[in-house]
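Presented below is the structure to which this report refers.
Here is how names work: the chains are called A, B, and so on, in the same order as the sequence lines, proteins then strands, and each is numbered from 1.
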Protein chains: 2
Amino acid sequence: MKETKRPTIIDVAHAANVGASTVSRHVRGGKSVSPEVARRIEIAIAQLGYEPNTLARSLRVGRTQTLGVLFPHVNNVFFGNALRTIQTEARINGFTVMLLTHQEEAKLQQEQLASLKRSQVDGIIMVPAAETNVAQVRALLGNTPVVAFDRSLGSAVDSVLLDNYRAAREATEHLLGHRHSHIVAVNAPYKLQPLQSRFNGYKEAMETAGKHAETIVWHESEQLRKELCAALQRKREPATAILSMSYSVTLAVLSTLRECHIALSKIGFIGIDDMEFANFIHPPLTTLAQPSEQFARLAFQQLLGRTSGSKEKPVHVVVAGNMMIRSSCGCKSASSRSL
Amino acid sequence: MKETKRPTIIDVAHAANVGASTVSRHVRGGKSVSPEVARRIEIAIAQLGYEPNTLARSLRVGRTQTLGVLFPHVNNVFFGNALRTIQTEARINGFTVMLLTHQEEAKLQQEQLASLKRSQVDGIIMVPAAETNVAQVRALLGNTPVVAFDRSLGSAVDSVLLDNYRAAREATEHLLGHRHSHIVAVNAPYKLQPLQSRFNGYKEAMETAGKHAETIVWHESEQLRKELCAALQRKREPATAILSMSYSVTLAVLSTLRECHIALSKIGFIGIDDMEFANFIHPPLTTLAQPSEQFARLAFQQLLGRTSGSKEKPVHVVVAGNMMIRSSCGCKSASSRSL
DNA sequence: CTGTTAGCGCGTTCAC
DNA sequence: GTGAACGCGCTAACAG
């Protein structure tokens, strides 16, 4: 068995008794090629098992048909599903996807973006890291099309985001509707605009109801435990419900409650971001899910437009969350509704 | 602002008053270049903001410095962490990673492999889909190095696998040690060798203890519910413990128990594959975790060796699982140990 | 140590 | 409708 080399377009041309450029035209789609010649080419291709060399083509045309995706990580349903959807869409449209993660570190993010740029991807879908310096990112990217996913990247960059304000507001109002006297919001320590919007939504709902907004920022598990337990167990106006602002916060809160031996069933709870195991804990977690597939499709379509040269003004899509009502909010029966 | 074109190696050569190949040599690492010239080149590079064109280089040298990773999906800790680790290792070694998923479908798997081949990746780390036709896969791949990850791909392909037999055996023995009279194994419907090995381990442990092995294969939720509840609630020798053979099975089992209103605390439970939320359910789930980082590193190193031409005989690495003892097995205090 | 030359495989003028 | 020639940016030979 020899190291048989891949056939090139020239091999095909010879075998079919035509010029290389004719093969090229035919391979690339219904350009004007006589039926007879087309047939000969087809045969030659099948015989040799020819496949166009992507590298050479990319080098020549300056497009790679590759999209970069940069996520913080992929260990949750939201990102996992989004990735799957993006890949599917990409495949359908003749693109392949290069996934990178930045682990929420701005520095790594820069490296990964540089790597994507080196790979000459035609466009990028990214979830900006928490401490992202927007100008820095844009400078690095040059004129590679980008769409910000789930988090904003300044008003000049296309984005698809959750209606964060509304999500948090409705979640809060829902809790309020269950007669919770005092709701604490637990937030992540990141300076992210979506988190800020969520906080605003929460605050607005609370103040409209004449209640006092109270937020605990989770920096570290020990500190969270102290503050959260204090809030829930103090004598004077203890908190009776929790609004968790994100996936990782929910994880931390659940750990904390467990450590403090506070039963989830004794309090109200809603978490923004859906959890795969929401149904397995007691009581089942009510969450505000981000529609990941919809996010992904929107982002992909937007990017696709940009890669084919669309020069419209930046588009900012805002999508509604889905209230997944289970039991931790206080409801008796499960249901879901789009906001 | 014009569409300024990227500087090429020739631009650099001119600016530094040297030949293109000298620049090439210098750029690529400590080849013999005079200090004086090296300095001039550095300056030119910095001034022009030159970056080598990966595509052109790859076309020329026939290597892309890209690795393909093909997973069923990424929505769980095991695959998520493995991916992260592989990417990190890759970055350190100057590779970039192209991640694809096959959703456990053999057909999609073939497509994705074809796509990886088109991208001319230097090597592939893959988790073969359940119904994989090994010969078909190998034929498609040609002589691209491959390492099978978490599941075997025939004895001719490098692999890194869990010691599945041992894992299941010890898990079963542990349950037995808690005086469970009757343990059912619940398995996934896939014809995967690791699942078979796990079953064998379970069976061996049961028979050694003079017990009867009983397996339920999860095809569909309705059917699982019927069979599992029957096993747990029958009068004559009801099952008192469950051994779940994989991540997805555990998810299904937990759902089922919930639907049947059977409290996890009433029975014994161990699941192979760790769950992110193991601590959040009651009682906390005892699991047999696959050391994902270790898996990933081993697979990467093996592949790296192959990409640089190692022609040794196929290597099959077997790694020990980690018993993550929490409470569902019957233990009072948490601990973990490597098998 | 350095520069010149010749492709890697393909798409694209531009004549025919 | 078709083929010949050129070049995308880079590296590997080879002279010098």
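- Within residues 52-66 of chain B, the residues that place at least one heavy atom under 4.0 Å from DNA chain D are, in residue-number order, P52(B), N53(B), A56(B), R57(B), R60(B), V61(B).
- Residues satisfying the salt bridge (charged side-chain N to carboxylate O under 4.0 Å, His left out) criterion with D158(A), sequence neighbours excluded, are R306(A).
- In summary, the side chains of H73(B) and T101(B) do not present any donor paired with an acceptor at a separation below 3.5 Å, with no hydrogens or angles considered.
- S34(B) and E36(B) form no side-chain donor-acceptor contact under 3.5 Å, judged by distance and modelled atom types alone.
- Taking atom CD1 on I10(A) and atom P on dC10(C), their separation rounds to 8 Å, with Å as the unit.
- Taking side-chain N and O atoms only, S34(A) has no distance below 4.0 Å to OP1 or OP2 of dG1(D).
- Not a single salt bridge (charged side-chain N to carboxylate O under 4.0 Å, His left out) links E105(B) to another residue, sequence neighbours left out.
- Residue N17(B) is classed as a sugar-phosphate contact, given heavy-atom separations below 4.0 Å to backbone atoms only.
- One N or O donor and one acceptor, one from the side chain of S21(A) and one from the base of dG3(D), sit under 3.5 Å apart.
- Q109(B) and Q103(B) share no side-chain donor-acceptor pair at under 3.5 Å.
- Counted by atom type alone, H102(A) and Q110(A) present zero donor-acceptor pairs between their side chains at under 3.5 Å.
- Distances shorter than 4.0 Å separate some side-chain N or O of S24(B) from OP1 or OP2 on dT11(D).
- Atom-to-atom, NE2 of H26(A) to C1' of dT12(C) comes out at 18 Å; the value is rounded to the nearest Å.
- Within the structure, every side-chain polar atom (N or O) of T8(B) is placed at least 4.0 Å from both OP1 and OP2 of dG9(D).
- An angle of 40°, rounded to 10°, separates the two end axes of the helix from dC1(C)-dG16(D) to dC16(C)-dG1(D), each defined over five pairs.
- Side-chain N/O atoms of R28(A) include none lying less than 4.0 angstrom from OP1 or OP2 on dC10(C).
- Rounded to the nearest 0.5 angstrom, F79(A) CZ and Y247(A) OH are separated by 10.5 Å.
- If you check residues 112-120 of chain B against DNA chain C, you find no residue with a heavy atom closer than 4.0 Å.
- At whole-Å resolution of the value, CZ in R40(A) and P in dG1(D) are 16 Å apart.
- Between R6(A) atom CZ and dG9(C) atom P the separation is 9 Å, expressed in whole Å.
- Side-chain N or O atoms of E293(A) include none that pairs as donor or acceptor with a backbone N or O of T85(A) at under 3.5 Å.
- E104(B) has a carboxylate O that lies under 4.0 Å from a charged side-chain N of R151(B), or vice versa, which qualifies the two as a salt bridge.
- Looking at S24(B) and R28(B), their side chains do bring a donor and an acceptor atom within 3.5 Å of each other.
- The shortest side-chain heavy-atom distance between T66(B) and F95(B) does not fall under the 4.5 Å cut-off.
- Between the CZ atom of R25(B) and the P atom of dC1(C) there is a distance of 10 Å, rounded to whole Å.
- When distances run from any side-chain atom of I9(B) to the nucleotides dC10(D), dA4(D), dG3(C), the shortest one goes to dC10(D).
- The salt bridge (charged side-chain N to carboxylate O under 4.0 Å, His left out) check on R138(B) picks up nothing, with sequence neighbours excluded.
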